[in-house]
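Notes follow the structure.
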Amino acid sequence: MKRFFTVLSEEDLEDWRRTHYSSQIKPDLNDDNVLVMGWVSSIRDHGNITFIMITDKDGEIQVTAKLDECGKILFDKIREVKEHSSIGVKGKVRMMQNAPNGAEVIPEEMKIFSIAKKVPPFQVYSRTVPNIDIRLDLRAIDLRRKVLRAVFNIRHNTLNAIREFLNKEGFIEVNTPKIIATATEGGAALFPIFYYDREAFLVQSPQLYKEQLTMAFEHVFEIGPIFRAEPSRTMRHLSEAISIDVEEIFVDYNDVINLLERMVVYIIEYVIKNKSEELEVLQNKIDKPSLPFPRYSYNELIELLKKEDERIEWGDDFSTDNLKKLGSIIQGYYFITDWPSISKPFYTKPKISDEKLCESFDLMYGELEISSGSSRINRKDKLLERMKKQGLNTEAFDYHLRVFDYGVPPHAGFGLGLERFLMTFTGVENIRDTTLYPRDKDRLAP
Ligand code: ATP
Ligand code: MG
């Protein structure tokens with residue numbers, strides 16, 4: 001058969017509207033008229049029959065064009081479509097065992113909305129791509145990969161679960177400023193910015209604001225960005241991450257440990273229930289963890305590490321090597337409690353029985369820290385004392401300290417890193433793939 005090459009042009013949407021997503025094209029629609037839209041993921045041309053796969057947010061649709069069914073003009077047009085172009089197809093559904101969801105679309109009309117002018121520099125429809133930077137440079141296209149869509153669907157679901165859980169527990173969601181005048185805590189480096197004629201900073205944690213807000217709302221949570229100028233590129237640090245921050249009054253660290261572990265189990269159950277398909281795409285089998293999570297004190301783990309000949313002294317934070325060792329001994333979720341007071345921020349409450357230790361905890365998953373929390377100091381004199389010890393300029397914190405003249409009750413809370421938490425049950429090993437547009441030392445775009 002002689003083949004004429006038609007020159008394709010881009011068409012407007014006009015009154016074309018999608019009637020079905022790929023997930024809805026099933027045998028029960030047999031003979032129904034549908035209008036589907038998406039991107040061309042593959043074309044197979046067998047002479048008198050051409051198959052086009054259209055990908056949309058839910059999956060794939062097979063469009064099967066036969067010369068004797070759709071006529072020469074449409075048939076030639078279909079053969080000329082380029083992969084990755086965005087198109088719409090009007091046609092009839094036909095049962096077809098070998099097609100996705102057991103049905104295909106027989107085309108009657110097609111519109112090409114946008115012709116792909118370039119081939120992406122990586123395989124858009126493959127599971128893995130060796131070089132993450134090539135993908136990140138073209139993130140919007142990269143995110144169309146099935147694995148990543150599964151991750152971000154699960155992320156969305158996780159956020160729903162968190163809001164549902166904390167709502168039921170009587171928490172109110174708040175939003176605190178992200179532009180601040182002074183550091184929230186020592187340690188993590190801040191990003192300075194111009195604020196009119198002054199210097200300001202991007203917030204590294206909503207800590208002080210959430211503590212203040214318990215004075216009005218008692219139980220608060222925030223889901224918001226934290227910014228940290230992390231000195232090195234690692235698989236678990238971003239310069240901009242999302243923190244799930246929880247704070248409540250008339251409780252101590254043991255109460256929020258209990259709350260946090262129940263929240264983790266609630267989320268995992270929720271995701272298993274609602275996102276089983278996505279979990280399957282990720283080939284990551286997760287089991288509901290059982291409660292309570294194991295608790296180890298800092299002192300216990302120092303002993304354990306020393307027995308394993310690890311280099312660590314009492315008072316040190318665990319090094320990457322120490323954490324790897326811990327992760328090889330303790331799997332799954334567990335808490336490290338009662339840290340040395342010197343290793344935790346100024347607002348952390350020392351233990352009454354031993355001031356060298358504080359009422360604090362980290363939630364771990366193997367070698368990965370996913371949350372830190374504590375009982376907070378609620379007395380102004382104690383707070384001032386700790387701030388001075390840590391070399392902080394107390395005047396800069398006047399806006400915060402003044403609240404403590406008005407009856408701040410005992411309170412406690414935690415910050416859970418959303419991206420790190422997602423790594424624990426999606427199987428994603430590089431934190432960059434749990435966030436849409438990762439920021440790190442070397443990357444500021446897209
Ligand atoms: P790390 O020691 O691993 O750098 P951190 O102890 O400095 O973390 P916290 O200040 O305790 O972090 O913050 C609470 C939580 O916020 C952490 O447990 C983690 O889940 C998350 N988090 C902190 N910094 C980052 C970051 N740079 N990228 C991603 N998540 C982070
Ligand atoms: Mg921490």
Side-chain angles (χ1 to χ4, degrees), residues 155 158 162 178 183-191 202-211 221-247 253 256-257 260-261 263-264 267 293 298 301 312 316-324 326-327 333-348 358-376 390 412-426 428-443:
R155 179 175 161 130
T158 300
I162 292 169
K178 301 304 155 207
T184 316
E185 43 200 274
L190 293 166
F191 288 109
L202 294 178
V203 79
Q204 68 194 127
S205 149
Q207 182 61 33
L208 307 184
Y209 288 102
K210 68 173 177 172
E211 282 187 60
F221 77 99
E222 173 163 14
I223 301 177
I226 54 171
F227 303 91
R228 298 187 183 196
E230 300 289 355
S232 51
R233 231 179 110 117
T234 78
M235 301 283 264
R236 61 175 201 279
H237 288 97
L238 294 165
S239 312
E240 179 175 350
I242 296 294
S243 176
I244 319 293
D245 268 278
V246 169
E247 199 72 24
Y253 73 135
V256 291
I257 283 179
L260 175 55
E261 65 181 358
M263 183 167 97
V264 166
I267 296 165
F293 296 167
Y298 172 88
L301 294 185
I312 185 156
D316 291 350
D317 209 344
F318 298 113
S319 69
T320 307
D321 283 340
N322 296 156
L323 291 172
K324 278 215 169 80
L326 282 182
Y333 299 100
Y334 64 99
F335 288 101
I336 306 177
T337 66
D338 305 312
W339 289 72
S341 296
I342 41 163
S343 71
K344 290 287 175 186
F346 72 88
Y347 49 79
T348 314
C358 59
E359 296 193 0
S360 58
F361 64 90
D362 276 9
L363 174 61
M364 305 291 297
Y365 182 80
E367 64 184 70
L368 187 69
E369 175 194 321
I370 58 174
S371 173
S372 285
S374 63
S375 308
R376 323 298 192 186
Q390 297 202 354
F414 61 81
L416 168 72
L418 175 64
E419 291 83 5
R420 293 227 187 137
F421 179 43
L422 284 167
M423 289 168 79
T424 68
F425 61 91
T426 55
V428 171
E429 283 172 4
N430 188 333
I431 195 168
R432 289 163 187 75
D433 272 334
T434 55
T435 191
L436 293 170
Y437 293 99
R439 291 282 176 269
D440 64 37
K441 206 162 178 274
D442 303 323
R443 183 170 288 278

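Counting starts at 1 for both ligands and their atoms, in listed order. These numbers come from a predicted model, not from an experiment.
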Closer than 4.0 Å to some heavy atom of [X] - which atoms of ligand 1 meet that?
X	result
Leu238	26 (C), 27 (N), 28 (N), 29 (C)
Ser371	18 (O)
Arg236	28 (N), 29 (C)
Glu230	24 (N), 26 (C), 27 (N)

Can we call the ring centroids of Phe318 and Tyr298 under 6.0 Å apart?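 Phe318 vs Tyr298: aromatic centres under 6.0 Å.
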When the ring centroid of Phe361 is compared with that of Phe335, is the distance short of 6.0 Å?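 Yes.
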So do [Y] and [X] actually touch side chain to side chain, heavy atoms under 4.5 Å?
X	Y	answer
Phe293	Ile257	no
Arg155	Ile242	yes
Pro438	Asp433	no
Glu247	Gln207	yes

Using a 4.0 Å heavy-atom cut-off, say whether Ile431 meets ligand 1 through its side chain, its backbone, both or neither.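 The part of Ile431 near ligand 1 is the side chain, not the backbone.
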Which segment of Ala241 sits under 4.0 Å of ligand 1 when only heavy atoms are counted: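 Side chain only; the backbone of Ala241 stays clear of ligand 1.
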Would you say Ser372 has an N, O or S atom lying under 2.8 Å from the Mg ion (ligand 2)?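 It does: Ser372 brings an N, O or S atom closer than 2.8 Å to the Mg ion (ligand 2).
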Backbone or side chain, does Glu369 get an N/O/S atom under 2.8 Å to the Mg ion (ligand 2)?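 Here the distance criterion (N, O or S atom, under 2.8 Å) is met by Glu369, so yes.
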Any N/O of Gly415 closer than 3.5 Å to an N/O of ligand 1?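 Between Gly415 and ligand 1 (N or O atoms, distance only) the closest approach is not under 3.5 Å.
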For Ile370, is at least one N or O under 3.5 Å away from an N or O on ligand 1?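 Indeed, backbone or side chain, Ile370 has an N or O that close.
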Proximity winner for atom 18 (O) of ligand 1, if only heavy atoms of Glu369, Arg439, His237 are counted: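 It is Glu369 that holds the nearest heavy atom.
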Given Arg228, Lys344, Gln204, identify the one with the heavy atom nearest to atom 10 (O) of ligand 1.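 That would be Arg228.
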Lys/Arg-Asp/Glu bridge criterion (N-O < 4.0 Å) met for Arg439, Glu419: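 Between Glu419 and Arg439 there is no salt bridge, as every charged N stays at least 4.0 Å from the carboxylate O atoms.
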As a test of understanding, state which of Leu363, Val264, Leu368 forms a side-chain contact (heavy atoms from CB on, under 4.5 Å) with Thr424.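 That would be Leu368.
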Please state whether Ser243 comes within less than 4.0 angstrom of ligand 1, counting heavy atoms only.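 Contact absent.
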Considering all heavy atoms of both residues, which atom of Pro225 and which atom of Val203 are nearest to each other, and what is their separation?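 Closest approach of Pro225 to Val203: O-CG1, 3.9 Å.
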